[in-house]
J.: 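Right, I'll just put the structure down here and ask away after.
The figures here come from the full heavy-atom set of this structure, side chains too, leaving out hydrogens, waters and symmetry mates. Order of the sequence lines sets the chain letters (A, B, ...), proteins ahead of strands, with each chain counted from 1.
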2 protein chains.
Amino acid sequence: MAREPGVRREAILDSAATLFASKGVAATTVRQIADDVGILSGSLYHHFDSKESMVDEIVSSFLKDLQHRYAQVLAQETDARRRLHDLVVASLKVVEEHPHATEIYQNDVNYLLQFDRFGYLRNAGRQVQNAWLTVIEAGIAEGTFRADVDPKILYRLMRDAVWLSVRWFKPSADHPISSLAEDCTSLFVDGLTNRAKN
Amino acid sequence: MAREPGVRREAILDSAATLFASKGVAATTVRQIADDVGILSGSLYHHFDSKESMVDEIVSSFLKDLQHRYAQVLAQETDARRRLHDLVVASLKVVEEHPHATEIYQNDVNYLLQFDRFGYLRNAGRQVQNAWLTVIEAGIAEGTFRADVDPKILYRLMRDAVWLSVRWFKPSADHPISSLAEDCTSLFVDGLTNRAKN
DNA sequence: GTCTATAATGAGATAGAC
DNA sequence: GTCTATCTCATTATAGAC
C-alpha cells in the first residue's frame with residue numbers, strides 16, 4: 001500500500017471546517033481542532049502555519065469550485081429562466097459539496113475581511129453578483145422577467161434565500177437538492193400565487 | 001437639568017452592538033468596546049456583569065420588539081397576501097429599529113446557543129416560524145397560495161431573504177423600507193415573471 | 001462612575017526531543 | 001509527524017483608590 005500524503009492534513013481541515021461552521025472561526029480554538037483530530041495543538045503547526053491558514057484553504061477551495069460552476073452556467077446560451085435555474089442548481093451543488101465552507105463564508109465574511117489575507121473575498125463576492133446580474137438583466141431584456149424591480153435587489157433576495165439554505169436544508173433521498181432547486185426557481189419565477197386552473 | 005441615569009449605559013450598548021454586528025461577538029473584546037465609548041475596560045463592569053450580559057440585553061430588546069410586532073400582525077383578520085405583506089413590513093421595521101441586533105442574531109445565533117443563558121433564542125426562533133407558517137397555511141387553505149410547495153420551505157426562503165437584507169439595505173428617502181417591503185412581497189407572491197399585458 | 005493595577009486564565013504559536 | 005514543554009500575549013474580570 002502506498003503511503004497517503006495529506007490524509008492527516010485533510011482530516012485536520014475536516015475537523016476545523018466542522019468547528020468553524022458550528023461556532024464561528026473566532027470562537028474555535030486550535031486546541032479544540034486538535035482534540036477533534038486526536039492530536040495535540042502543537043502538532044497542528046506541522047501541517048499549517050496558523051488557524052487563519054486553515055480557514056483560507058477551506059474557503060478558497062469552496063470559492064474555486066463556485067467560480068468554476070458559475071462560469072459553466074454563464075457559458076450556456078439558453079433562455080433566462082433556464083439559466084437562472086442553473087445558477088440556483090450550481091449554488092446548491094456547491095453548498096452540498098462544501099457545506100461547512102458555505103456556512104463559514106455566510107457567517108464570518110465580515111470577521112475574515114478584517115485580515116488582509118482575506119481581501120480576495122471582496123472580489124469573489126463581486127463575481128458572484130455579476131453572474132446573477134448578467135442572467136437577471138438578460139431575462140429582463142428578453143422580456144421574460146419583469147422590469148419593475150431593481151435587478152440588484154432581486155439578486156440579493158435570491159442570493160440570501162439560496163445560500164442560507166445551508167443552515168437548514170439537509171439533502172435526502174426524499175428531498176434531494178434538485179427538489180429544493182425546483183422549489184427555489186419556481187418560487188422566484190412564478191411566485192406564491194396559486195395559478196391552478198379551476 | 002436632571003441627571004440622566006443610564007445614558008452612559010446606553011452608549012455602551014450602542015458601541016457594543018456596533019462592534020458585535022461588524023466583527024462578531026466572539027471577536028469583539030471588552031477593551032474595544034471601552035475604547036469606543038471612551039472609558040477603560042474595567043469601568044464597563046460597573047454597568048454590566050459581563051460581555052454576554054451586553055449581548056443579552058441587545059438581543060432581548062430586539063426579540064421583544066419583534067414578538068410584539070408579529071403578534072399585532074397575527075391579530076388582524078385579513079386576506080393572506082395582506083398578512084404576508086404585513087409580516088414582511090413588521091420584520092423590516094424591526095431591522096430598521098435594531099439593525100445591529102438583527103445582524104448579531106443572524107450571524108451569531110449558533111455561537112450564542114452554546115451558552116445556557118441564550119437558550120431562550122430557540123423558543124424565539126420557533127415563535128417566528130409559527131407566525132409565518134400560520135399566515136402561509138391560511139393562504140393555502142383559502143386558495144390564494146399554491147399548495148405544491150412545502151410551507152416550511154417557503155417560510156425559510158422568505159425568512160432568509162427578508163432578514164438578511166439587514167446586511168445590504170440602508171433605508172433612504174429614495175428607497176424607504178416600505179419600498180423594499182413592496183419588492184419583497186411582490187417577488188414572493190407574484191414572482192419574477194413579466195406579466196405585463198402587451 | 002471611572003481609574004489604576006492586577007489577577008487569572010486561555011489563547012496562538014514555537015523549539016526541540018523522540 | 002507527534003509530543004512535551006513552554007513562551008508570549010491578549011483576554012475577561014476584579015479590588016480598591018479616587
Side-chain angles (χ1 to χ4, degrees), chain A residues 1-59 104 107-108 111-118, chain B residues 1-59 104 108 110-118:
Chain A
M1 279 221 276
R3 269 197 262 98
E4 312 191 40
V7 168
R8 176 44 65 92
R9 206 184 143 78
E10 289 306 313
I12 293 170
L13 286 179
D14 256 28
S15 292
T18 307
L19 287 161
F20 291 155
S22 87
K23 1 187 324 165
V25 172
T28 300
T29 71
V30 294
R31 283 177 173 82
Q32 290 168 333
I33 297 168
D35 278 1
D36 199 64
V37 177
I39 60 179
L40 290 186
S41 65
S43 307
L44 291 176
Y45 291 84
H46 175 74
H47 302 276
F48 298 94
D49 278 358
S50 65
K51 190 170 88 166
E52 275 72 39
S53 293
M54 298 182 208
V55 183
D56 206 340
E57 209 162 312
I58 293 162
V59 172
I104 293 165
N107 297 333
D108 289 341
Y111 168 71
L112 295 175
L113 281 171
Q114 292 179 124
F115 303 89
D116 287 342
R117 72 181 299 170
F118 289 106
Chain B
M1 278 224 275
R3 271 199 262 98
E4 311 192 40
V7 168
R8 175 46 61 93
R9 207 186 141 78
E10 289 305 314
I12 293 170
L13 285 179
D14 255 29
S15 292
T18 307
L19 287 161
F20 290 156
S22 87
K23 357 187 324 162
V25 172
T28 300
T29 71
V30 294
R31 273 180 240 272
Q32 290 169 330
I33 297 169
D35 278 1
D36 198 66
V37 176
I39 59 179
L40 290 185
S41 64
S43 307
L44 291 175
Y45 292 85
H46 176 75
H47 302 277
F48 298 94
D49 279 356
S50 65
K51 190 169 88 166
E52 275 70 41
S53 293
M54 299 182 208
V55 183
D56 206 341
E57 208 163 312
I58 293 162
V59 172
I104 293 165
D108 291 339
N110 281 350
Y111 169 69
L112 295 175
L113 282 172
Q114 292 179 125
F115 303 90
D116 287 343
R117 72 182 299 172
F118 289 105

J.: Which residue in the set B/Leu44, B/Asp14, B/Ile39, B/Thr18 passes side chain to side chain contact (heavy atoms under 4.5 Å, CB included) when paired with B/Ile33?
T.: B/Leu44
J.: Expected output is a numbered-order residue list: members of residues 12-25 of chain A with a heavy atom under 4.0 Å from any atom of DNA chain C. What is it?
T.: none
J.: Could you grab the distance from atom CD of B/Gln32 to atom NZ of B/Lys23, nearest 0.5 Å is fine?
T.: 3.5 Å
J.: Among all residues two or more places apart in sequence or in another chain, which pass the salt bridge (Lys or Arg N to Asp or Glu O under 4.0 Å) test with B/Arg8?
T.: none
J.: The criterion is side chain to side chain donor-acceptor pair (under 3.5 Å); which residues satisfy it with A/Lys51, sequence neighbours excluded?
T.: none
J.: Going by the rule ring-ring contact (aromatic ring centres under 6.0 Å, His included), which residues pair with B/Phe118 if we only count those two or more places apart in sequence or in a different chain?
T.: none
J.: Side chain to side chain donor-acceptor pair (under 3.5 Å) with B/Glu10: which residues, sequence neighbours excluded?
T.: none
J.: Between residues 36-45 of chain A and DNA chain D, which residues have a heavy-atom gap below 4.0 Å?
T.: A/Ile39, A/Leu40, A/Ser43
J.: Taking only residues two or more places apart in sequence or in another chain, which ones pass side chain to side chain donor-acceptor pair (under 3.5 Å) with A/Asp36?
T.: A/Ser15
J.: Report the residues that fulfil ring-ring contact (aromatic ring centres under 6.0 Å, His included) with A/Tyr45, sequence neighbours left out, ordered by chain and then residue number.
T.: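 Residues passing ring-ring contact (aromatic ring centres under 6.0 Å, His included) with A/Tyr45: none at all.
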J.: With sequence neighbours excluded, what pairs up with B/Arg117 under the salt bridge (Lys or Arg N to Asp or Glu O under 4.0 Å) test?
T.: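 If we apply the salt bridge (Lys or Arg N to Asp or Glu O under 4.0 Å) test to B/Arg117, skipping adjacent residues, the hits are B/Asp56.
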J.: Under 4.0 Å from any heavy atom of chain B: name the first and the last nucleotide of DNA chain C that qualifies, 5' to 3'.
T.: C/dG1 to C/dT4
J.: Got a sec, which residues hit side chain to side chain donor-acceptor pair (under 3.5 Å) with A/Glu52, two or more places apart in sequence or on another chain?
T.: none
J.: I'd like a table of atom pairs between the protein and nucleotides 9-11 of chain D - only N or O on both sides, under 3.5 Å - with the distance next to each one.
T.:
none

J.: Under the side-chain contact (heavy atoms from CB on, under 4.5 Å) rule, what do A/Asn107 and A/Phe20 come out as? Steps first, then yes or no, please.
T.: CA-CA 10 Å; A/Asn107 297 333; A/Phe20 291 155; over 6 Å; no
J.: In Å and rounded to the nearest 0.5 Å, what is the CD1 to CD distance from B/Ile12 to B/Glu57?
T.: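 It is 10.5 Å, given to the nearest 0.5 Å.
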